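Have a look at the structure below before the remarks.
Only this structure's heavy atoms are used, side chains among them; waters, hydrogens and symmetry mates stay out. Computed from a predicted structure; not experimentally measured. In this chain, numbering begins with 1 at the start of the sequence shown.
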Amino acid sequence: MPKADPRAIPEVLKGSKEERLKELEERKANRPDPIDNASLYAGSPMYYYCTSCGHLSDKLPEDWHLELPAKLCPECKSLKDLGWLL
């Protein structure tokens with residue numbers, strides 16, 4: 001199996017700054033209805049949403065919090081890593 005080129009730009013980072021920020025605005029305008037964790041059965045996974053765009057950022061088992069849930073979805077995290085999201 002060929003190794004991935006470490007210099008290759010990940011798919012989530014492709015596109016110009018203007019295109020990526022426009023996509024962010026579209027995601028913000030089309031937020032999904034959040035799942036109410038309190039209304040789920042005991043033992044159901046917990047759903048966490050992006051603080052920037054409101055889309056799903058993490059889904060963890062109810063009793064498995066060895067690490068904190070992600071605050072940003074992968075798309076918004078890549079924008080923050082590039083310095084385009086405050």
Side-chain angles (χ1 to χ4, degrees):
M1 181 174 196
K3 290 186 177 181
D5 182 5
R7 296 169 293 162
I9 298 172
E11 193 64 37
V12 74
L13 296 178
K14 290 190 177 173
S16 70
K17 181 177 181 179
E18 292 77 22
E19 290 171 346
R20 301 286 308 284
L21 293 176
K22 184 179 178 191
E23 289 172 5
L24 173 62
E25 292 304 316
E26 290 173 2
R27 283 197 316 273
K28 284 182 178 181
N30 296 312
R31 292 177 187 226
D33 292 331
I35 296 172
D36 179 17
N37 289 320
S39 67
L40 300 175
Y41 294 107
S44 296
M46 304 291 285
Y47 296 88
Y48 299 92
Y49 295 90
C50 179
T51 56
S52 177
C53 70
H55 285 256
L56 187 67
S57 64
D58 217 345
K59 176 181 163 185
L60 297 173
E62 181 183 38
D63 60 349
W64 192 262
H65 287 278
L66 297 177
E67 58 190 50
L68 294 174
K71 292 187 177 201
L72 297 172
C73 66
E75 293 83 6
C76 290
K77 173 131 178 42
S78 66
L79 291 175
K80 183 170 177 112
D81 291 345
L82 291 170
W84 298 345
L85 182 67
L86 300 177

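Here Glu19 contributes atom CD and Leu24 contributes atom CG; the two are 14.0 Å apart, rounded to the nearest 0.5 Å. In this structure, CD on Glu18 lies 12.0 Å from CD on Glu23, to the nearest 0.5 angstrom.
Here the closest non-hydrogen pair linking Arg31 and Ser52 is NH2-O, 3.6 Å. Residues Arg20 and Trp84 come closest through the heavy atom pair CG-CZ3, 3.9 Å.
Counted within 6.0 Å of CD on Glu26, heavy atoms from surrounding residues, nucleotides or ligands total more than 12; the atom is thus considered enclosed.
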- Query: Step by step, would you call Glu62 with Leu40 a side chain to side chain contact (heavy atoms under 4.5 Å, CB included)?
  - Reply: CA-CA 10 Å; Glu62 181 183 38; Leu40 300 175; over 6 Å; no
- Item | Arg27 and Cys50: CA distance, side-chain angles, deciding distance, side chain to side chain contact (heavy atoms under 4.5 Å, CB included) verdict | CA-CA 11 Å; Arg27 283 197 316 273; Cys50 179; over 6 Å; no
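Residues Met46 and Pro69 fail the side-chain proximity criterion, which asks for heavy atoms closer than 4.5 Å.
Within the structure, the side-chain hydrogen bond (donor to acceptor under 3.5 Å, both in side chains) test picks out the following pairs touching residues 33-48 (sequence neighbours left out): Tyr48-His65.
Leu56 and Leu72 sit in two unconnected hydrophobic clusters of ILVMFWY residues. Membership requires side-chain heavy atoms under 4.5 Å apart, directly or through other members.
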